[in-house]
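Right, one structure below, let's go through it.
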There are 2 protein chains.
Amino acid sequence: MGRPPAFDEDEVLTGAMHAFRRKGYRGASVRDLEQATGLKMGSIYNSFGDKAGLFDAAFAHYNASFVRGRIDRFAPPSAGLAGLRALFLSVTEEPGGESYGCLITNSAVELGGAEPAPAWVADGLRLLSDTFAERLAAAQARGELRAGLHPAGTAAKLLALYQGILVLVRAGHDKAVLRHLVIDEFANLEARHDR
Amino acid sequence: MGRPPAFDEDEVLTGAMHAFRRKGYRGASVRDLEQATGLKMGSIYNSFGDKAGLFDAAFAHYNASFVRGRIDRFAPPSAGLAGLRALFLSVTEEPGGESYGCLITNSAVELGGAEPAPAWVADGLRLLSDTFAERLAAAQARGELRAGLHPAGTAAKLLALYQGILVLVRAGHDKAVLRHLVIDEFANLEARHDR
DNA sequence: CCCTTTCTTGAACATCTGTTTTAAAATATC
DNA sequence: GATATTTTAAAACAGATGTTCAAGAAAGGG
């Protein structure tokens, strides 16, 4: 009973997610979000409660679809260390001159000073960190990892490196330098067969 | 001729700098800046033109005083690799529960999407990167650096790691993990005397 | 001492913000 | 097909935002 919604929720969340990514939570006005989602103000408030509600939904969508999709595409369990490297390289190859950045990184920085740091930031960071640790542990089991490295500790370092690369990408840093950096770092993680 | 300003410019810029650091460029309202600087609205506009002008001046102050001061204190040329490590560790030891973050990192993320990325971001990043490269080169000359490492490339990696650590600090990440990460990374950079 | 110049103050302004409200349109159930 | 219920649409609202304005205050030069 009652009229069903006329919009596709995935499209709406994807549009909102990109708007928040580009302009930040504060920088994306509700009028901007109208254009990004195709919804009108009333529908946004009717469906998501308020701007923070839409942000929450968009962030959840970002973690569950965008980040996880990127992991599955570039760094599936079978791809090993090379997959992780491909994941890192992929963030330096965003299309176009514009640097959209990562919603996790951007939100951590923008909202990090506020009292209730949104749970989605911690969730996204954990998703990345857990993925890194799992792939590193698998690589270690296969003897692909350099001796003396601990998956958990190395995962923490990779998480910091990943966030830092995203900051530098957003700052317009030279991408060739960033790619070189990633290649070097993963060469250091690999088992040394040449000794 | 004319009445001289009654405020101390360093105090004003320091106050503004902290406000921008905590709340971001957009998040710090001109009313907030009144309280942070002690100046009244009219004086702010009379002295700095507009909010962006105050931000510019505060950012220049941050680079020239805060960042450079931190470098000089923790990582003077004489301190070698251990100085760099101390510099990295210092960002994980900010006082209080609140994480103010780094104006360079925060601005790179917040304003990175905008067309004219402020020059102070690039300047600050270069100041850090140049310092890292110089200290690494000096360490190499003294034989403190692990063989096969290039100062410039390693400096780029350290810059990314530094920015990433600041993101994670702002996200409220466990500081013990971050400290461990720094210690591990610098152990990897040091020449191996135990082989 | 006057008077020009500059700084300070605090109110005023227009615009933009997130949100609410009102009325219309559309569909599912009976 | 009537009714109930929800979505849509667009206007309206209160508050916050960046900025400007006009009047008073403080110093230095004549």
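All figures in this text were calculated on a predicted structure; none of them were measured in a lab. Proteins get letters first, then strands, A, B, ... in listed order; numbering begins at 1 in each. The figures that follow rest on heavy atoms only: side chains count, while hydrogens, waters and symmetry mates do not.
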For A/Asp8 and D/dT8, what is the distance between atoms CG and P respectively, to the nearest whole Å?
12 Å
Quickly work out the B/Arg26 CZ to C/dG18 P distance and round it to whole Å.
11 Å
Length of the line joining B/Asn46:CG and D/dG24:C1', which is rounded to integer Å:
14 Å
note: A/Asp50, atom CG; C/dG18, atom P; distance rounded to Å ~ 11 Å
Are B/Ser29 and B/Asp32 linked by a side-chain donor-acceptor pair shorter than 3.5 Å?
yes
To the nearest Å, give me how far apart CZ (B/Phe7) and P (D/dA25) are.
20 Å
Qualifying residue, where the test is side chain to side chain contact (heavy atoms under 4.5 Å, CB included) with B/Leu149 and the options are B/Leu189, B/Leu136, B/Asn188:
B/Leu189
CG-CD distance between B/Leu13 and B/Glu11, expressed to the nearest 0.5 angstrom:
10.5 Å
Parallel, tilted or perpendicular, as decided by the 30° and 60° cut-offs, for the rings of A/Phe88 and A/Phe132
tilted
Rounded to whole Å, how long is the line connecting atom NZ of A/Lys51 with atom P of C/dC16?
15 Å
How long is the line joining CD of A/Glu9 and P of D/dT7, in whole Å?
12 Å
In Å, rounded to the nearest 0.5 Å, how long is the span from CZ of A/Arg85 to CD1 of A/Ile183?
6.5 Å
Using a 4.0 Å cut-off on heavy atoms, which residues in residues 28-45 of chain B reach DNA chain D? List them by number, or say none.
B/Ala28, B/Ser29, B/Val30, B/Arg31, B/Met41, B/Tyr45
Rounded distance [0.5 Å steps], CG in A/Leu178 versus NZ in B/Lys157:
13.5 Å
